[in-house]
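Notes for the one structure printed next.
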Amino acid sequence: AGSAIQITAGRQHTCAVLADGTSQCWGSNNFGQLGNGTFDNASLPQRVVGLTDAAIALTAGGTHTCALLDGGEVQCWGSNTYGQLGNSNNAWQNSTPQRVDALSDTVTQLVTGSEHTCAMLADESVQCWGMWPGSGSSDEATYIPTTIVGLEGNAAQVSAGGSHTCVLLENRTLQCWGANTSGELGCGHNRTTQVVQQVVDANLYLYGNTVQHSQHINVSIVAISDEIEVIRNYVSHSSSGIGVGCGGCRARIKYNTLVNNDSFGLAVGNNGGSLTTEAFTIEQNNLAYNGHYDLYLAEGNPGTQNFVL
């Protein structure tokens, strides 16, 4: 065997790119995922047959495998139950490499999940195919590359989990879609979705907002965040001011102006716990002429220099 330069492992099979550009796979082959033209398991490396160019990288899914070739094209083989081979049909399986159709540009990165495949393209867009491709529709699967809509910037990296996919954007934000029964999308709920979701920041910052003459709750924060900052917000002549509640977080609430609101100006709670000075800074807020109370703090009072008229 030649020298290996890259390795990837699927559910029960393994593949490697060799220094001479050829590829070898071994292990389970019940869906043809070894790419050697058979469906026989192999305990020794088998050469992948039918690649049209030297492989730059291989990526192994659950029971399928894909190769990024030197010319930027992609070929896949193995299970195709949900169209994860991207060759425009749902043939059950293929034991030799199949060309992926309809890619809109040269591929720069290729990843596989259990039953889907995604590619980042030279134009910094992302296309996926197979199960949960992020099409934004109700369709659970697609058999050709589908451009991901809803990305809020150019893609810098794509990563595939078992049944979900996430993208790192050039602006350093993260977006995900797909299966979400365990919260793997990081968006604050556990609903599986084909619509791209924004990964919620562990911290929450609220700066410089102005709210006037609103008859609804205006700034109500019930946070699971680690850190909250509510700075220089102005709320007046509305049904209520700013309410902040969290459990086990750190909060800085400063320089806010809350005047002439019907119910309250500023209310802060710690999910039944104490507002300790180590975790909470509530100071230099201006509160005046609010209906029921200007400033309400749950047990404990770290507030200093809050100006209550």
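Note that the structure is a prediction, hence the values are computed from the model and not measured.
Put simply, CG on L58 and SG on C15 are 6.0 Å apart, with the number rounded to the nearest 0.5 Å.
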- Query: So N29 and T38, side-chain hydrogen bond (donor to acceptor under 3.5 Å, both in side chains) or not? Walk me through it.
  - Reply: CA-CA 8 Å; N29 197 30; T38 78; 3.3 Å; yes
- Item | side-chain contact (heavy atoms from CB on, under 4.5 Å) between S28 and R11, worked out | CA-CA 9 Å; S28 176; R11 185 175 301 156; over 6 Å; no
- Give the intermediate values and the outcome of side-chain hydrogen bond (donor to acceptor under 3.5 Å, both in side chains) for residues Q84 and T112. CA-CA 9 Å; Q84 56 263 51; T112 47; over 6 Å; no
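Among residues two or more places apart in sequence or in another chain, the ring pair (Phe, Tyr, Trp, His ring centres under 6.0 Å) test is passed with Y82 by none. Residues passing the side-chain contact (heavy atoms from CB on, under 4.5 Å) test with Q93, sequence neighbours excluded: F31, F39. Checked against side-chain contact (heavy atoms from CB on, under 4.5 Å), T257 has the following partners two or more places apart in sequence or in another chain: Y234, V259, N286. Taking H116 as the reference, C118, A160, T165 meet the side-chain contact (heavy atoms from CB on, under 4.5 Å) condition, with sequence neighbours excluded. Looking at residues two or more places apart in sequence or on another chain, you find no side chain to side chain donor-acceptor pair (under 3.5 Å) involving S159.
By the 4.5 Å side-chain criterion applied to Ile, Leu, Val, Met, Phe, Trp and Tyr, L185 is assigned to no cluster and stands alone.
The two atoms that bring Q33 and T63 nearest to each other are CB-O, 3.4 Å, heavy atoms only. When every heavy atom of V49 is checked against every heavy atom of N36, the shortest pair comes out as CG2-C, 3.8 Å. Here the shortest heavy-atom pairing between T81 and Y143 reads O-OH, 4.3 Å.
In this structure, the side chains of N256 and L266 stay at 4.5 Å or more apart for every pair of heavy atoms. In this structure, the side chains of I148 and V167 stay at 4.5 Å or more apart for every pair of heavy atoms. Here the side chains of I144 and S88 are in contact, with some heavy-atom distance below 4.5 Å.
Under the 3.5 Å distance criterion, the side-chain polar atoms of Q12 are left unmatched by any main-chain donor or acceptor of G10.
If you check the side chains of S79 and E115, you find no donor sitting under 3.5 Å from an acceptor.
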